[in-house]
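Contents: one structure, followed by commentary.
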There are 2 protein chains.
Amino acid sequence: MQHIHKKINSELNPNVSVDCVIFGFDLEQLTVLLIDRGEISSAFGPRMALPGNLIYDNENLDMAANRVLDELTGLNNIYLEQVGAFGDPDRIHKESDREWLKSIRAEPEARVITVAYFTLVPMQQYKPQASSFAKNADWVPVNEIKELAFDHFEILQAAKEKLKQKIKIQPIGFNLLPEKFTLSQLHRLYESILDKPLDKRNFRRKIQKLDILSSLREKQRGVPHKPSLLYEFNEEKYQELTQTGFDNFGF
Amino acid sequence: MQHIHKKINSELNPNVSVDCVIFGFDLEQLTVLLIDRGEISSAFGPRMALPGNLIYDNENLDMAANRVLDELTGLNNIYLEQVGAFGDPDRIHKESDREWLKSIRAEPEARVITVAYFTLVPMQQYKPQASSFAKNADWVPVNEIKELAFDHFEILQAAKEKLKQKIKIQPIGFNLLPEKFTLSQLHRLYESILDKPLDKRNFRRKIQKLDILSSLREKQRGVPHKPSLLYEFNEEKYQELTQTGFDNFGF
DNA sequence: TTGGATAGTGTAAAATTGACACAAAGCTAT
DNA sequence: ATAGCTTTGTGTCAATTTTACACTATCCAA
């Protein structure tokens with residue numbers, strides 16, 4: 001059986017997969033793009049799972065992660081970072097898991113190592129693809145996720161932690177925002193990633209001092225309150241900053 | 001041929017290996033335990049490599065890393081942390097690499113993903129084992145390593161960086177020191193991990209303020225200068241510290 | 001025009017950082 | 001025993017950073 005499988009999908013490596021924690025930000029809270037595995041699986045375990053797939057023998061890990069992301073969202077050239085490798089021998093044990101894996105052409109008997117990635121996508125640009133995957137894809141607020149299929153909940157926790165650490169060192173949060181954004185939105189973003197409240201004035205002072213934002217002479221429109229000034233992230237100024245050995249945002 | 005291999009070592013997974021960056025500290029500088037692959041390989045590429053091996057199908061990744069470490073040093077219950085997964089399709093390309101892999105029963109043709117770990121061992125307790133591996137193992141100062149076999153140099157860089165980040169958040173450096181140590185030794189350790197000089201008085205002030213060291217009423221003996229007081233790491237006090245949401249040593 | 005909602009702003013006290021130099025203690029060689 | 005070498009151990013001051021905290025301005029909608 002292993003043999004048959006290998007012949008049919010000779011390019012797929014049956015032992016290694018990638019899973020992606022695709023983060024988004026709806027301007028209110030941090031969200032993750034999850035796959036709904038449908039009714040069939042729900043009797044045995046959580047329906048929702050991280051998007052992922054086996055890797056091909058002719059691609060490296062980063063390429064595989066980008067492929068999964070592209071197939072699902074149509075986005076490429078996206079911020080992407082490895083979280084780590086996961087895999088117990090008994091990682092896959094539920095009947096429902098086996099069924100599900102068969103349906104995506106994975107090898108249900110084999111022991112699978114999965115390499116997890118997290119990516120940051122600007123939700124505004126997200127266009128669901130027509131793949132069978134994407135039809136069942138949903139953004140779910142991180143805080144509402146209590147369980148996931150396989151070991152995906154564990155992977156999600158690790159990804160959140162990695163993101164939290166990373167944002168203290170690099171301003172990667174801008175990848176989650178539209179090109180033009182307000183300081184309040186940035187503030188909310190940091191609060192939801194760091195999972196703690198930040199004083200408004202202190203936050204603004206700290207961000208402004210970094211001098212990596214360009215203020216636009218443009219205001220929000222159509223909001224039922226005082227409109228905010230819009231800003232954009234200034235890549236060049238950030239480069240200058242890092243060239244001076246900067247690696248700590250102090251949050 | 002793949003078939004034969006699988007039969008002989010049916011427990012080995014031919015696609016996944018672990019490599020360990022085993023850090024030590026000789027009280028002067030940070031070192032790494034490397035394997036000398038011998039004359040045979042030296043004509044084609046670097047002789048030195050990270051210790052590693054394929055994983056068995058019935059162990060998880062952490063267990064495999066611990067096994068490699070134990071086989072080599074006889075140490076277990078050692079601080080161990082995953083660095084990440086590495087693996088391009090063309091990761092193994094040199095003739096010498098293939099020969100070497102055959103000699104350790106690995107599958108030279110297969111595409112191999114390797115999961116890298118770093119570990120911190122107290123060099124004082126290190127006793128080389130009688131394995132064929134350990135006979136050719138050597139501690140090499142990190143700064144003197146300019147190249148390694150396969151993609152191990154890249155892995156080493158990633159491990160150093162991870163260690164650097166981690167020590168800013170947790171006081172894991174104590175795993176590299178003997179039970180009793182001096183502040184100067186701790187100082188040197190931090191300097192070699194962070195790879196930059198730290199002011200002596202400021203360093204001592206900062207460390208002491210954390211209040212995670214127990215001062216012993218005991219002095220160094222046999223040194224040709226003013227003997228230093230000895231300290232030990234206080235696990236309980238560190239636990240208290242972390243319970244208050246502490247996660248930043250500010251280096 | 002009024003009310004509701006969020007944007008935007010400053011200051012003072014406390015804590016932390018960074019820069020800096022010299023006396024004390026033990027060993028060694030004479 | 002003494003002189004000299006080496007490393008330990010210590011304090012202060014200025015500059016910077018952090019924290020805590022409250023009111024006015026602006027726009028929309030009713």
Side-chain angles (χ1 to χ4, degrees), chain A residues 25-29 168-169 177-178 180-192 194 196-232 241 244-251, chain B residues 25-29 167-169 171 177-178 180-192 194 196-232 241 244-251:
Chain A
F25 180 62
D26 63 11
L27 304 186
E28 287 286 333
Q29 50 193 334
K168 295 178 181 179
I169 292 174
L177 291 168
K180 300 173 181 180
F181 52 87
T182 72
L183 288 183
S184 294
Q185 289 163 354
L186 189 61
H187 183 201
R188 270 300 302 142
L189 176 57
Y190 271 74
E191 287 188 325
S192 43
L194 298 174
K196 69 177 181 193
L198 301 170
D199 180 85
K200 178 165 62 159
R201 278 179 287 193
N202 294 341
F203 175 81
R204 293 166 94 96
R205 172 154 39 94
K206 186 172 284 185
I207 286 288
Q208 308 252 30
K209 170 125 40 104
L210 292 175
D211 195 32
I212 54 177
L213 293 186
S214 299
S215 168
L216 302 171
R217 288 236 155 277
E218 189 179 349
K219 287 177 184 176
Q220 254 181 334
R221 295 213 43 140
V223 286
H225 57 262
K226 176 174 177 178
S228 170
L229 281 174
L230 292 171
Y231 292 81
E232 57 184 15
L241 186 60
T244 67
F246 183 87
D247 72 341
N248 188 352
F249 283 80
F251 285 104
Chain B
F25 180 62
D26 62 12
L27 304 185
E28 288 286 334
Q29 51 193 335
I167 207 174
K168 295 177 180 178
I169 292 174
L177 291 168
K180 300 171 182 180
F181 53 86
T182 71
L183 288 183
S184 293
Q185 289 163 354
L186 189 61
H187 183 200
R188 271 298 303 141
L189 176 57
Y190 271 74
E191 286 188 327
S192 41
L194 298 174
K196 69 178 179 191
L198 301 171
D199 180 84
K200 179 164 61 158
R201 280 181 285 195
N202 294 341
F203 175 81
R204 294 165 95 96
R205 171 159 38 102
K206 186 172 286 187
I207 286 287
Q208 308 252 29
K209 170 127 38 101
L210 292 175
D211 195 32
I212 54 176
L213 293 186
S214 299
S215 168
L216 302 171
R217 286 237 155 278
E218 191 181 347
K219 288 176 183 176
Q220 257 183 332
R221 293 213 42 139
V223 286
H225 57 262
K226 176 175 177 178
S228 170
L229 282 174
L230 293 171
Y231 292 81
E232 56 184 17
L241 187 59
T244 68
F246 182 89
D247 73 341
N248 188 352
F249 284 80
F251 284 103

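The sequence lines fix the lettering, A, B, ..., with proteins before strands; numbering per chain opens at 1. FYI, side chains are in, hydrogens and waters are out, and symmetry mates aren't considered; it's all heavy atoms of this structure. Source: prediction; values computed, not measured.
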Distance, nearest 0.5 Å, that separates [atom1] of [X] from [atom2] of [Y]:
X        : Y        : atom1 : atom2 : value
A/Leu229 : A/Arg217 : CG    : CZ    : 8.0 Å
B/Lys209 : B/Asp211 : NZ    : CG    : 11.5 Å
A/Lys168 : B/Ile169 : NZ    : CD1   : 6.0 Å
A/Ile207 : A/Leu186 : CD1   : CG    : 5.0 Å

Between B/His225 and B/Leu229, just flag the one whose closest nucleotide in DNA chain D comes earlier from the 5' side.
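By nearest-heavy-atom nucleotide position, the 5'-most residue is B/His225.
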Atom pairs under 3.5 Å: protein N/O with N/O of nucleotides 17-19 of chain D:
from	atom 1	to	atom 2	distance (Å)
D/dT19	O4	A/Arg205	NH2	3.0

Need one value for A/Thr182: base, sugar-phosphate or nothing, where a base atom within 4.0 Å counts as base even if backbone is also close, heavy atoms only.
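Contact class for A/Thr182: none.
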Identify whether any heavy atom of A/Lys200 sits under 4.0 Å from a base atom; if not, whether one sits that close to sugar-phosphate; answer base, sugar-phosphate or nothing.
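Touches a base.
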Euclidean distance, atom [atom1] of residue [X] to atom [atom2] of [N] [Å, nearest integer]:
X        : N      : atom1 : atom2 : result
A/Asp199 : D/dA22 : CG    : P     : 11 Å
B/Gln208 : D/dT10 : CD    : P     : 7 Å
B/Gln220 : D/dT8  : CD    : P     : 7 Å
B/Phe181 : D/dT8  : CZ    : P     : 14 Å

All heavy atoms of A/Leu210 vs all of A/Phe246, minimum pair found to be CD2-CZ, 3.9 Å
OP1 or OP2 of D/dT10 sitting under 4.0 Å from any side-chain N/O of B/Arg204?
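Indeed not, no polar side-chain atom of B/Arg204 lies that close.
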Taking N and O atoms by type only, does the side chain of B/Lys226 place a donor or acceptor under 3.5 Å from a partner on the base of D/dT8?
yes
Side chain to side chain contact (heavy atoms under 4.5 Å, CB included) test vs A/Leu198 passes for just one of A/Arg204, A/Glu191, A/Lys206, A/Arg188, namely A/Glu191
For A/Pro224 and for A/Leu183, locate the closest nucleotide of DNA chain C by heavy-atom distance; then report the residue assigned to the nucleotide nearer the 5' terminus.
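Closest to the 5' end, via its nearest nucleotide, is A/Pro224.
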Comparing A/Leu230 with B/Arg201, nearest DNA chain C nucleotide closer to 5' gives the residue A/Leu230
For the residue pair B/Leu183 and B/Lys200, establish whether any side-chain heavy-atom pair is separated by less than 4.5 Å.
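No, too far: nothing below the 4.5 Å cut-off.
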For A/Glu218, I'd like to know if atom CD has over 12 heavy atoms of other residues, nucleotides or ligands within 6.0 Å.
yes
Classify the ring geometry between B/Phe251 and B/Phe203 as parallel (under 30°), tilted (30 to 60°) or perpendicular (over 60°).
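Plane angle between 30° and 60°, so tilted.
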For a 4.0 angstrom threshold against heavy atoms of chain A, report the outermost contacting nucleotides of DNA chain C in 5' to 3' order.
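The contact span of chain A on DNA chain C goes from C/dG4 to C/dT11.
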